[in-house]
Amino acid sequence: MSQRVPIRATAKMKELMGFYYMMAKSAENDPNQKIAWITSGGPVEILHAAGVIPIYPENVAAMAGTMKISDEICAIAEEQGFSRDLCSYARTDIGSALSGKGPIMGSASPKPDLLVCCNNICGTVTKWYEELQRIFNVPLIFIDAPFQYGIKDRPEAIDYMEAQLRRMMEQVSEVTGKPFDMDKFMETLELSDRAVKLWREIQDLLQHKPAPMNSFDTFIHLAPIVTLRGTQGCIEYYETLKAELLERIEQGIGTLEKEEYRLGWDNLPVWFKIKFLSERFSQHNAALVVSTYTRSFCYQAEDRDISNPLRAMSADYLAGYINHGLDFRERELTEMVRDFSLDGFVMHSNRSCRAYSFGQYELARTLEDKYGVPVLLIEADQNDTRMWSDEQVGNRIDAFMERVASKKQRNIA
Amino acid sequence: MSSNIKSVLEPFEKVKDDLYFFARQAKQNGEKVAGFLCTYSPQELFHAGGYFPVRVIGKEGGTPLADQWLQQYACSFAKGVLNLGLTGDFSFLDLVVFSHTCDTMQNLAEVWRRRVEGMPIIVVSTPNLNGGDIALTYLKRELTRVKEEVEKISGNTITDANLLESIRIYDMHRNNMRKLYEIRRNNPSLLSGTDMFTVVLSSMLMKKEEHNKLLEVLITELQKVPSQKEDKPRILVGGSVCQAQGFIQSIEMSGAIVSDDDLCMGSRSYVIPPIPQGDPIEMLAQMYLSRIPCPAFYKPGYDPAGPYIEKIKSGNVNGVIFLQTKFCDPYGFNYPYLRKRLEQEGIPSLLLEVEQNQPVPEAFRTRVEAFVETLIK
Amino acid sequence: MSAYYVMGLDIGSATAKAVLLDESGYSLAFAVRPTRGRLVQSAEEVKQEILAHTGVSEEAVKAIITTGYGRDIVQNKTKSLTEITCHARGAYATMPNIRFVIDIGGQDSKAILLEPDGQVGRFEMNDKCAAGTGRFLEVMARTLGIHLDEMGDMAIHSEKYSKISSTCTVFAESEVISLLAQGEEIPAVVSGLCRAIAERVYGLASRVGITPPIMMTGGVAKNKGVVNWLSRILNQEMIIPPEPQIIGALGAGIMGLEMIKKSNEKMNIITQNT
């Protein structure tokens, strides 16, 4: 392959996301259309079933990051006393809520009638949503998803989730003023289930050599599964993308001129440096083909009871990568190394995300010592450019790739 | 301070030189010691299971061993205790108990489990939703599970009678500590903040039975002293510092008196409304959910500024100093709101970022002195 | 007389280093010059200096391998490689049983684990901050009003050391000032500073997994105070090569030599086949 062939579906996704944000924005002035702000790991199916439009502050913050306006928005929150040591998504979002500045058609997200916070991604969201509640003075639904220290999820935690989700239905219907539609909910769960499975299949297609797209693409194509899971549009989009990837596989189209090395990525992307990182790894003929981050949006519980959809949902919302301890994470990482034929793993030690990052040093050492997988740690931040240096990171990538290359040559010889 | 009170304070002060003086003493007598990292660990359960529960605390100095496993942006408390775990300083502990609070503690428990050798650990999955029947049901099941785990590890059966007795002792202790706080709120000069924090520190490192006896004597002695007029500005210390002693001392050297606090290793853990006698597990669950919540938790309808304003008003506090541990998220998110509310109440406040494993820096003293100067009218 | 020569150029933030090797890998000469922010110019100067000194013509140099922060700025290079690869290779060439390299340069410090065959294993570099680097000592020397080169001797002759808790350059500076205000002796402060660097580097090294024998490279390896503290804290002997500063340039040169030999082999195979 000589020329980089762009993914056609990207245009369709931009259209889909543009439409979604336009619809949300116009709903702001419609008193009958309720809007909820929700965490990325939140049980959004309940909102869709109740006809509430979900807005994802994390997604909006990431957009601000890629548009490189997050620093100035963070500064607004910092002026109010939010320390620079706090999560840069939270600072971006709070700064945006306080000032009205944001990446959606030049302004902030449409104001919420309801807040939904699920702590299955981190404890920071608890604090972040408390602050949003103080700013907007609207109801906050808090779903506590106990962190699972062991590999097997605890039944009492699933019961706890189920009880909370049932209560959430009541709370949501108080906001909408309409009874909760159970049939619509079951339909939504099924749509969500199909989207989640498609998203997993799409990522698994990257096991193919050469990978038909790379993780920098999946970071971008992640938006619909985060914001639109539970809708028909989401499924249609991923079916289109999947068909295109299958076509690329058939034609042997990859994303690099020559895919010599395959790497995994851990933690959130560095949103404002996607291009830099993508180019730097490309220079070394290295493709990032799997990430724990994009896979986080397709976790389903291991022994889920499909005859009881609400119960299965309760288990699924506990089942994510970062809601689990290090034994689980070790297992996931090594499976990725095996299934995606990885030559190494890149770990973004993300200053904003203590939940994701603490434990990486331990996992890195385990991957190296127990499994012989080279690991590169990049100290950075998902949204705060002030933590970044092109020079330093570039230098580390070069050194790491020199190491990966010499290891691979030796193994061949 | 009367010489009586001075001599009453002596036994508390043993922990100043050697934090684990009493723990080691107990070990020599063949007793088992459990270390807990958080005031949300249900110590009553471990007490009833035959353990002497002591708080796990770091010490001054670098944390080179912990730096291997935790990033530069991990808080100094997590690094400090992990470092001592790795050097073997805690090898005298028979058990270490973590509670699920913030992201840092969560991952610290995981790193500890995989890298610190020599003792089993138990993680209590404290619900981060505080309040309501749903959380209560979950916590009861979790505490039952923990109880069974303690029984398995210790080989001791925990009967309801044992557990009720442990709850009684701990309740009495909380009552005594509350009384002491109340005395100081009205009359802070009777006992300096520095001495008060020695008492607080020792409360986590001594047997509650012993501590109760000493507290009762101290309270009786303090009640004998006629109230004095005090013209030093009264400071309330808030924030996330666990080892507050050095900082409190430094604040008091600047001419103020620390008359109250809103610290977890301080007044917060003693404020629990009375729980009706009943099933001990239910009682424990109720108690832990009705506390002033850890800032990492969500409690519907709770206003974090509430306890501050109440204490400021009832104790005639002149100013607030926040001792914020660097990289502590839960408190970091509360700060802007607290500052705003205090401003609205006309209470001056000062934010100081601190590292728990370092001596009080020179800049800290300067800033505190300047702040106290503004309070002296 | 060698048929050809190879040059290794290490363009660091503080100094530019050059090493010239003959075809057998024998190091003919080396040169070191401060960069003072003029990377391109100093690279050229150090290159010309070594050529003039040895009398080797520029045409006889078959490969120039560059490394260091300025490695990509240098013109007419054959290839550039990172300091990690070059320091490891240089250390291995100096002493083949070396398993671990600690390099403390002007602006960064690194710890590299070497596989038994000299290949790079796990490595770590300091984060975006001057703590644990030569720059830290430079700033402190200025604060104390002493010369950078005096620090090592001062530290090892001081029985006492001050406790410096902050490794942040800015905070440590104010800590040093308040220590002096409290009447601390300068040598004790210097020893404390060397210890602070050593502790910081220990954190880096332990994350990689300390495996002796350990070689220390980079300019700071000449500071006996830091070396002394490092060997105490790591409880290991630090092997210091005669010219610790040029190990990266040496490694670069050797990598160049290997490249030439490899392509010659390929050429031979092709000629034999035809």
Does any backbone or side-chain atom of A/Ser83 lie under 4.5 Å from a heavy atom of chain B? Answer side chain, backbone, both or neither.
side chain
For chain A, find which of B/Gly132, B/Ala135, B/Ala78 contributes the most heavy-atom pairs closer than 4.5 angstrom.
B/Ala135
Select one option (side chain, backbone, both, neither) describing which atoms of A/Arg91 are under 4.5 Å from chain B's heavy atoms.
neither
I want to check something: taking the side chain as every heavy atom from C-beta on, are A/Arg154 and B/Glu142 in contact at a cut-off of under 4.5 Å?
yes
Where along residues 329-338 of chain B does a heavy atom come under 4.5 Å of chain A, listed by residue number?
B/Asp329, B/Pro330, B/Gly332, B/Phe333, B/Asn334, B/Tyr335, B/Pro336, B/Tyr337
Calculate, to the nearest 0.5 Å, the distance between atoms OH and CD1 belonging to A/Tyr149 and B/Ile121 respectively.
8.5 Å
If I compare all heavy atoms of B/Pro127 with all of A/Tyr160, which pair ends up nearest, and what's the gap?
CB-OH, 3.4 Å
Please flag which part of A/Glu78 lies under 4.5 Å from any non-hydrogen atom of chain B: side chain, backbone, both or neither.
neither
Are A/Met161 and B/Tyr138 packed together at the side-chain level, in the sense that at least one heavy-atom pair is separated by less than 4.5 angstrom?
no
Which atom names give the shortest non-hydrogen contact between A/Thr126 and B/Phe297, and what distance separates them?
CG2-C, 4.3 Å
Is the shortest side-chain heavy-atom distance between A/Tyr361 and B/Gln71 below 4.5 Å?
yes
So OH of B/Tyr73 and OG of A/Ser349: to nearest 0.5 Å the spacing works out to 2.5 Å
Nearest 0.5 angstrom please: B/Leu70 CG to A/Arg354 CZ, how far?
11.5 Å
Among the listed options A/Ser357, A/Pro146, A/Cys117, the residue most often paired with chain B at heavy-atom distances under 4.5 Å
A/Ser357
Which of B/Gln324, B/Lys326, B/Arg145 touches chain A most, by non-hydrogen pairs under 4.5 Å
B/Arg145
With a 4.5 angstrom heavy-atom cut-off, could you sort out which part of A/Ala145 is near chain B: side chain, backbone, both or neither?
neither
So CZ of B/Arg115 and CG of A/Leu326: to nearest 0.5 Å the spacing works out to 10.0 Å
Structural part of A/Asp85 lying under 4.5 Å from a heavy atom of chain B:
both
State the CZ-CG distance between B/Arg114 and A/Asp327, to the nearest 0.5 angstrom.
5.0 Å
Using a cut-off of under 4.5 Å on heavy-atom pairs, state which of A/Glu131, A/Gln80, A/Glu130, A/Arg134 scores highest against chain B.
A/Arg134
So does B/Pro295 get a backbone contact from the side chain of A/Lys127, meaning a donor-acceptor N/O pair under 3.5 Å?
yes
What residues of residues 343-355 of chain B make heavy-atom contacts with chain A at a cutoff under 4.5 angstrom?
B/Glu353
Quick one: do A/Asp159 and B/Arg141 satisfy side chain to side chain contact (heavy atoms under 4.5 Å, CB included)? Show the steps, please.
CA-CA 11 Å; A/Asp159 291 344; B/Arg141 284 179 73 179; 2.5 Å; yes
Rounded to the nearest 0.5 Å, what separation is found between the CH2 atom of B/Trp69 and the CZ atom of A/Arg365?
4.0 Å
Residue, of A/Gly325, A/Ala364, A/Gly359, that accumulates the most heavy atom pairs under 4.5 Å with chain B
A/Gly325
Counting heavy-atom pairs closer than 4.5 Å to chain A, which one of B/Pro300, B/Ala74, B/Pro304 comes out on top?
B/Ala74
Which atoms of A/Gln148 come close to chain B, meaning under 4.5 Å heavy atom to heavy atom: side chain ones, backbone ones, both, or neither?
neither
Do any of residues 103-110 of chain B have a heavy atom less than 4.5 Å from a heavy atom of chain A, and if so, which, in residue order?
B/Asp103, B/Thr104, B/Gln106, B/Asn107, B/Ala109, B/Glu110
Bottom line for A/Leu140: the part with an atom under 4.5 Å from chain B's heavy atoms is both
For residues 287-310 of chain B, which residue pairs qualify under salt bridge (charged side-chain N to carboxylate O under 4.0 Å, His left out), counting only residues two or more places apart or in two chains?
B/Asp303-B/Arg341
